[in-house]
Amino acid sequence: MPTGSVKLQSIKKLGHENHSYVASDDGPAGSYMTMTNQAKKNEKAQGDAQKPAIRVGFFQLFRFATSKDVLMMAVGSVCAVVHGSAQPLMLLVFGLLTDTFIEYDLELNELSDGRKECVNNTIQWKNSTAAWANLSYPWEAPAPLNATPCGLLDIEYEMTKFAYYYVGIGAAVFVLGYCQISLWVTAAARQVRLIRKIYFSKVMRMEIGWFDCTSVGELNTRMSDDINKINDAIADQVGIFLQRFTTFVCGFCVGFVKGWKLTLVIVAASPLIGLATGLMALSVAKLTGMELQAYAKAGAVADEVLSSIRTVAAFGGEKKEVERYDRNLSSAQLWGIRKGLIMGIFNGYMWLIIFLCYGLAFWYGSTLVLDTEEYTPGTLLQVFFGVLIAAMNLGQASPCLEAFASGRGAATNIFETIDREPEIDCLSEAGYKLDRVKGDIEFHNVTFYYPSRPEVKILDQLSISVKPGETTAFVGPSGAGKSSAIQLIQRFYDPKEGMVTLDGHDIRGLNIQWLRSLIGIVEQEPVLFATTIAENIRYGRPGVSMDDIIAAAKEANAYSFIMDLPQRFDTLVGEGGGQMSGGQKQRIAIARALVRNPRILLLDMATSALDNESEAIVQEALDKVRKGRTTISIAHRLSTIKNADVIVGFEHGRAVERGKHNELLERKGVYFTLVTLQSQGDKALNEKTRQVTDDDEESEGLRLSKAGSYRASLRASLRERSRSQMSNAIPDSSASITGPTSYADLNADKSQNAAPDDDELVAPAPVARILKYNLPEWPYMLFGSLGAALNGGVNPFYSLLFSQILATFSLTDPVAQRKEIDSICVFFVVVGVVSFFTQTLQGYAFSKSGELLTRRLRRLGFQAMLGQEIGWFDDHRNSPGALTTRLATDASQVQGATGSQIGMIVNSLSNIGVAVIMSFYFSWKLTLLILCFLPFIALSSGFQARMLTGFAKQDKQAMEDAGQISGEALNNIRTIAGLGKERVFMDMYEAHLHAPYRAALKKANVYGVCYSFAQCVIFMTNAGSYRFGGYLVRQEGLHFSLVFRIISAIVTSGTALGRASSYTPDYAKAKISAARFFQLLDRVPRISVYSHQGEKWENFQGNLEFIDCKFTYPTRPDIQVLNGLNVSVKPGQTLAFVGSSGCGKSTSVQLLERFYDPDHGKVLIDGRDSTRVSVSFLRSKIGIVSQEPVLFDCSIAENIKYGDASREIGMSEVTAAAKKAQLHDFVMGLPEKYETNVGAQGSQLSRGQKQRIAIARAIIRDPKILLLDEATSALDTESEKTVQDALDKAREGRTCIVIAHRLSTIQNSDIIAVMSRGFVIEKGTHNQLMALKGAYYKLVTTGAPIS
């Protein structure tokens, strides 16, 4: 059945486009394709509800096409239309071919009767009486024969003729297919390149305020994904859509022209399919909605728990949370299984209807052929397959519509950006350029808001004047508007009211590029570009000579260190300047600012990120270059400001004081507070360093300048990284056991742990391991596979019935003919009913096993996440959002390797197996011939799927270089704008678009050839097979129906094979997801909650001691947080930590909880090293109340019970704890009392109420150690008193560590330790410290807040 071939060919593609639907297996049902896509669309529709409407018409997508592109697209369209008519054309040939075979067979049947013979090319009775002698009833007179022609039909010659037709059509298809695809893809590539270029250059011209409101991540996504979506919508999909639509139209035309009656009968059945499709789409969408909703609940639990992981860990609630998560997963699992079942039922229903349709069509068609003789058998087939092909192609055209829609959606954002006019256009030529610039800057009543936060007033009626040639320092607390003022001078923003003037001219009237070229700026975190040092300095001013660069480097104190580097000025600074230390980056940035020879120098905290040594050097460089320039300096370190000409104090967006250093000290205002706090800390630090150097030489590790240790750590981390990828399986916890070796090593070890590459290359997980997790579901998988095997056998069975029908047309006896046809039609019905049940079985069984696996993996994954040490959560890749997504997606993608995937494979194998065995049974010669074509058929369809995924990868790589440039440009847009280098980046980006463009052109040709080969291989197969079939019929007496049977059986199974291979992308994705999952399950946490090892002891005292603790956070290995902390507390004592924020107070508490372990030194608990104590045991002895207590979304009673997860807690205990926490009376006043829900994050309660619940939660643990981390700082005075009373009660008889900013709360502590920069500078009781007249005394007397 060539038709088979026909039908097939489309089917195979059907598989590809339609991953959503696994069961969309084989079979001619074009109709159900529509369904699938419908279902997909509905699922999509849910997600898209929030998206903005599509505001771009389809033809507007082509707005950037040149006339050459238009010509290419026009020719491509013509080819597509002609290509589309090839399939219906083939049907005409096929009809004639069938008629020829039947005619030949009729002749053979007539002549097989011994009484007839062929005389003069007509069949006649033989005259010899001998022939009649053996008749039992002699009176049966021979009826006169109607003149049937004979001997004229040379079947081999006819078949050769048809083979040529096929080859001709095939060749035409090859050429047309190639032109259609390659022209459209090429035209699209040209347009997309242009869109990318225009979009990027437009984005680079936007004002900075626009970037504040648009995240860089979003812009990068738009540049890659959204533009790719536009590409999909204007490339090959258009051609394919035209081709399929033409086939649809021509197919129906063939049907109606050749036989309208039968066409109408077939079409009449289609509403049944359409209705089912609609229903199915609705129910699947609804169930998917329910499933997502149910999972959203579980996801919310996961998100809540992961966001408050510190609280969960502190109270040992891990097991409890895993249970809570699992409870929420069960309903999601239920909906998932229902969805699988319903999809199975609908699938079965589709097949049932389709087979009933076959039965009806052949029964009615045979009536028209035999009784009324309106049709020849060939016409019957033409009509039947014409309608079938039309329906299928209509179904297959719909995914293209989806691509068009998403392309238009993507274009909305992109085209709107392209059409937007920037408010401050940095490339505009407008504006004055002054001849002479003095550098006199004034702010006149400037009010300013950031566009991204219009409700926060940043500058409020600010008026300052900066005299030319003077150095003006801006000081004040952070958030006072100092940096904003500087950004207004650069005209990154325009003020809302008032104006900024330069030499009396409003800067809005000046040319922007010219204005920015006058200004040199050095920021706190200078941005260097990933190129050489010389190039980085050259960015300061175009066309600057090497001598100027060297001169600038000398002025910036950078020359000597640059000359010490092996490649000197040609040294690459690495991504973001990562290969350079802070001081080196800073000096290169200063050189870059100086090479501009600026009139105005802006220093925004230029030295704050440096250690003392580099600071002195950089400061010296800055003092050198300030002479004779108008300089504005923002700094927090006073040493850098003292010698400014004028100091301006900022507060709340206004300039509140100005004058010289000494004048301002006398005023005791903003400036005074800053000075007193700083000098204290500095003094202590200097003493500490002196001690360290005297004491011992061990400190060498420390004095590795920070830069050195950081670089060492980077190098080490690179080494480690290459090692760790080989030994992912071996946990690297060994380092922490053997004890620290040296700082550099330790940091290296940390940074290595903190920064594996983003998309870590995980080797795909072995299927065996995935299946091991699915083992308990083996009965489901067994039955599912059984159903799948039966479904696979349906296709070959169908070709058996179909060829049987053709055989009946050549029978000579009308009664036998009728009987045969009726029984075959009944058979069709039986096959339909069977496949209904097997499809349902397959759908249900695999969805059940898949959902159970997903739930199991999610639970295990969540459990593994909660077991990681806290440091792991600090890594930005393990943020709560990322982890919840990983639970949601990875776990469900793993299904792709088991479950329905197994069904697909079994299905395809049984299909091929049955087909091949059947064919060999009927004619091994013909089967062997067709099997030669089989690899091509399977290859072409599998190849097509592979090709596209392969190309997607290549495209991604080609775009990566360009993406790197766009990413660097967008991330550092302020620096680029400040330097006026937008043009340079536009040109670089455009140059990098060339490679992806070349790749796209190559893809156009390769893809064109593959596509057209896939389309024409079926035609060639038919040509060869029918020609050889004709030979066998003639020479070896093979019955012609067997030729059709074998060809259709094998060709359909070939496409099934192709379809199976096209599912491999899902499968590969599943293996990668599984690997990522297993990586999480296999990771051995450095501080394990679940392990039962570690010391536990009976009478826990609560005796704490910190001995020389040094610590850096794993994610920031270059910032030393604790720097030799020594402090101890006896049982029952209260220790208070005081000090400015960032001095390591909270960190010391986290070390005690064992959220982290110190890098050096120890924490002793009852004289035992904390790293050897069982984690869960230690945490069970500690209660913590933090500044922002985290409550969970459940009742007050449950929140209090959370304090002790190890036992069941009665209500009486809860109320007792609540009374101690001064909470009971307030709770009893609520309508639902203790059952009141506190809302997400405790949002239904006031701060004081939350705080008291947290205290009750800590009390119910009955902890030996109580940690109060700023427990009252967020409260108003009234609630503070209540909470303070509660805390004083709770402290009785417990070792307590208090961190507070308000001195009133800590006066009665046993020990007060004043911390600065990671160690204790003084400690004692309140009275002792007051007598010392040191830092503590100053804090108490000035009443200044400590931070």
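- Crowding of Phe256 atom CZ: a count of heavy atoms from other residues, nucleotides or ligands under 6.0 Å exceeding 12.
- For the 3.5 Å distance criterion, the side chains of Arg1045 and Ser799 fail to qualify, holding no donor opposite an acceptor.
- By the 30° and 60° cut-offs, the orientation of the rings of Phe101 relative to Tyr1026 is tilted.
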Checklist line | Intermediate values then yes/no, side chain to side chain contact (heavy atoms under 4.5 Å, CB included), Glu103 and Asp105 | finding: CA-CA 5 Å; Glu103 212 176 305; Asp105 202 48; over 6 Å; no
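- Taking the six-membered ring for Trp and thresholds of 30 and 60 degrees, Tyr358 and Phe355 have ring planes more than 60 degrees apart, a perpendicular arrangement.
- Ring geometry, Phe252 versus Phe248: the interplanar angle exceeds 60°, so the pair is classed perpendicular (tilted spans 30 to 60°).
- Of the possible polar contacts, none joining the Ser810 side chain to the Leu806 backbone as a donor-acceptor pair under 3.5 Å is found.
- Shown here is Phe922, whose CZ atom has more than 12 heavy atoms of other residues, nucleotides or ligands within 6.0 Å.
- Note that CZ of Phe362 is 12.0 Å distant from CD of Gln804, once rounded to the nearest 0.5 Å.
- Counting heavy-atom neighbours within 6.0 Å of Tyr375 OH, excluding the residue itself, gives a total above 12.
- In this structure, the separation between NZ on Lys819 and OG on Ser823 is 8.0 Å, given to the nearest 0.5 Å.
- Partner of Phe802 under the ring pair (Phe, Tyr, Trp, His ring centres under 6.0 Å) criterion, chosen from Phe828, Phe797, Phe385: Phe385.
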Margin query: Assess the residue pair Phe1044 and Ile805 against the criterion (side chain to side chain contact (heavy atoms under 4.5 Å, CB included)); give the C-alpha distance rounded to whole Å, side-chain angles, the decisive distance to 0.1 Å, and a yes or no.
Written below: CA-CA 11 Å; Phe1044 285 92; Ile805 283 191; over 6 Å; no
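- In this structure, Thr838 contributes its side chain and Leu790 its backbone to no donor-acceptor pair below 3.5 Å.
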